Amino acid sequence: MSEDFNTHPHKRYNILTGEWILVSPHRTKRPWQGRLEKVAEEKRPSYDADCFLCPGNKRASGDTNPDYVEPYTFRNDFSALLPGGPQEDFEDGLLKASSETGLCRVVCFSPDHSLTLPVMETEDVIKVIQKWKEEYADLGSREDINHVMIFENKGDMMGCSNPHPHGQIWAQLSVPVEVQKKTEHQKKYWERNKRSLLGDYLEQELKLEERIVIKNEHFVALVPYWAIWPYETMIIPRRQMQHIGQLTAEEEKAYAEILKQLTIKYDNLFQTSFPYSSGIHQQPTNNSDYPEWHFHMSFYPPLLRSKTVKKFMVGYELFAGPQRDITAEQAAETLRELPEKHYTQE
Ligand SMILES: [Zn+2]
């Protein structure tokens with residue numbers, strides 16, 4: 001990459017979505033070292049009688065959670081999508097609508113209220129991955145489900161009011177727009193080259209080593225060249241797999257390890273339980289073949305400079321397109337150099 005790009009405004013192309021992002025590196029002379037605010041963070045108890053997700057507690061719906069000891073899934077009491085219902089398409093002049101059906105589930109990662117992925121044991125993170133696999137297979141096999149979105153919103157800042165370690169799954173009839181974009185761009189590349197777009201991208205990144213954060217035998221975590229969020233990352237499997245159902249036992253372990261290591265680095269960045277939204281993008285489940293798909297997990301964290309200063313998506317970004325100041329290379333370097341041990345366990 002030209003040296004000019006390190007000091008001058010430029011735009012970068014997202015190969016997966018076909019969108020551009022504006023980068024303004026001249027606004028930051030060097031990567032921000034992070035301001036550590038001495039705000040005491042209370043350690044949460046392992047069990048909270050008022051938590052809807054703790055084992056044995058009553059939920060908003062009136063149902064009671066079992067005394068679960070491993071990752072536990074239940075139907076979201078406030079589901080955004082509902083199964084069944086009328087199926088209709090509406091069109092009147094320029095007004096257009098379609099019915100949407102689906103299911104929303106909650107996955108409790110652990111019975112222990114005090115934990116998060118970075119501080120869970122690797123073997124317990126493996127169980128979360130196995131639960132995701134099980135849900136992807138179960139929901140994906142349904143006739144009325146053509147896409148399964150597995151994600152986690154972590155922290156108040158991401159609108160997650162309950163600190164109990166958990167994620168969500170929204171499964172639905174139609175394929176959501178982000179996944180449609182990614183399918184289209186991977187497919188175009190596959191048809192031209194008979195190779196995985198993300199696989200070739202990963203190969204180039206591994207040669208350059210500028211944006212790699214962590215790697216192991218089966219997975220790589222990097223800051224994508226086109227990252228929007230200050231410390232956005234992506235976990236990509238080295239082997240092309242369309243979905244998590246294809247993970248071998250050895251790959252599950254490697255995935256759990258990199259997931260834990262990456263989130264430890266995140267927590268260490270501003271010495272806080274780092275907020276983010278993460279999601280696993282994989283092939284739709286509508287019985288078609290998707291030889292072009294290469295599953296990956298993206299992390300979109302909002303924090304910019306400290307545990308309280310976040311990046312706002314406002315003004316230009318809302319009306320024109322995303323913009324960032326620190327470059328993907330600077331963010332990767334900062335994350336790479338952080339300790340591998342969790343700051344609370346020092
Ligand atoms: Zn809880």
Side-chain angles (χ1 to χ4, degrees), residues 39-81 103-136 138-139 148-171 252 255-256 259-268 270-280 297 299-303 307-308 310 342-345:
V39 181
E41 284 184 18
E42 268 176 52
K43 184 159 177 0
R44 289 195 305 276
S46 292
Y47 169 77
D48 178 348
D50 295 325
C51 171
F52 287 138
L53 305 179
C54 276
N57 288 3
K58 214 174 200 137
R59 294 204 310 272
S61 62
D63 291 346
T64 301
N65 294 326
D67 281 320
Y68 67 91
V69 291
E70 299 206 327
Y72 164 64
T73 310
F74 63 90
R75 193 179 69 85
N76 194 322
D77 298 325
F78 306 99
S79 295
L81 292 158
L103 285 154
C104 299
R105 290 182 180 167
V106 175
V107 185
C108 297
F109 295 162
S110 163
D112 188 332
H113 186 82
S114 70
L115 298 180
T116 53
L117 288 175
V119 292
M120 280 168 67
E121 296 298 331
T122 303
E123 64 207 69
D124 294 326
V125 180
I126 294 174
K127 288 177 189 163
V128 174
I129 291 168
Q130 288 168 342
K131 185 53 103 181
W132 286 337
K133 281 175 77 168
E134 202 181 300
E135 290 291 331
Y136 180 81
D138 175 44
L139 290 163
V148 180
M149 186 70 236
I150 298 172
F151 64 98
E152 178 188 4
N153 290 329
K154 179 167 170 264
D156 290 349
M157 217 174 250
M158 299 314 288
C160 180
S161 49
N162 191 330
H164 193 107
H166 72 285
Q168 301 190 51
I169 302 175
W170 291 17
E252 280 172 11
Y255 187 10
L259 193 49
K260 188 170 151 69
Q261 285 163 343
L262 178 64
T263 50
I264 286 176
K265 282 187 180 276
Y266 271 157
D267 279 9
N268 287 346
F270 300 127
Q271 301 208 346
T272 191
S273 186
F274 200 73
Y276 59 74
S277 267
S278 67
I280 306 172
M297 184 178 199
F299 286 80
Y300 300 157
L303 292 182
K307 65 168 80 170
T308 54
K310 69 170 208 168
H342 198 270
Y343 74 96
T344 58
Q345 292 169 345

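Positions are given from 1 along the sequence. As the structure is a computational prediction, the values presented were derived from the model and not from experiment. Both counts, for ligands and for their atoms, begin at 1 and track the order of listing.
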Show me the donor-acceptor pairs, under 3.5 Å and distance only, between side chains in residues 107-116 and residues at least two apart or in other chains.
| residue | atom | partner | partner atom | Å |
| --- | --- | --- | --- | --- |
| Ser110 | OG | Asp112 | N | 2.9 |
| Asp112 | OD1 | Ser46 | OG | 3.4 |
| Asp112 | OD1 | Ser114 | N | 2.8 |
| Asp112 | OD1 | Ser114 | OG | 2.7 |
| His113 | ND1 | His164 | ND1 | 3.2 |

When rounded to the nearest 0.5 Å, the distance separating CG of Leu139 from CE of Met149 is 13.0 Å
- Query: Aromatic ring centroids of Phe274 and Tyr276 under 6.0 Å?
  - Reply: no
query = When you measure from the side chain of Lys260 to the backbone N and O of Pro118, does any donor-acceptor pair fall under 3.5 Å?
reply = yes
Sequence neighbours excluded and cut-off under 3.5 Å, please list the side-chain donor-acceptor pairs for residues 122-131, or say none.
| residue | atom | partner | partner atom | Å |
| --- | --- | --- | --- | --- |
| Lys127 | NZ | Glu70 | OE2 | 3.3 |
| Gln130 | NE2 | Glu252 | OE1 | 2.8 |
| Lys131 | NZ | Glu134 | OE2 | 3.4 |

Near the Zn ion (ligand 1), meaning under 2.8 Å, the protein N/O/S atoms are Cys51 SG, Cys54 SG, His113 ND1, His164 ND1
Applied to residues 150-169, the salt bridge (charged side-chain N to carboxylate O under 4.0 Å, His left out) test, sequence neighbours excluded, yields Lys154-Asp267
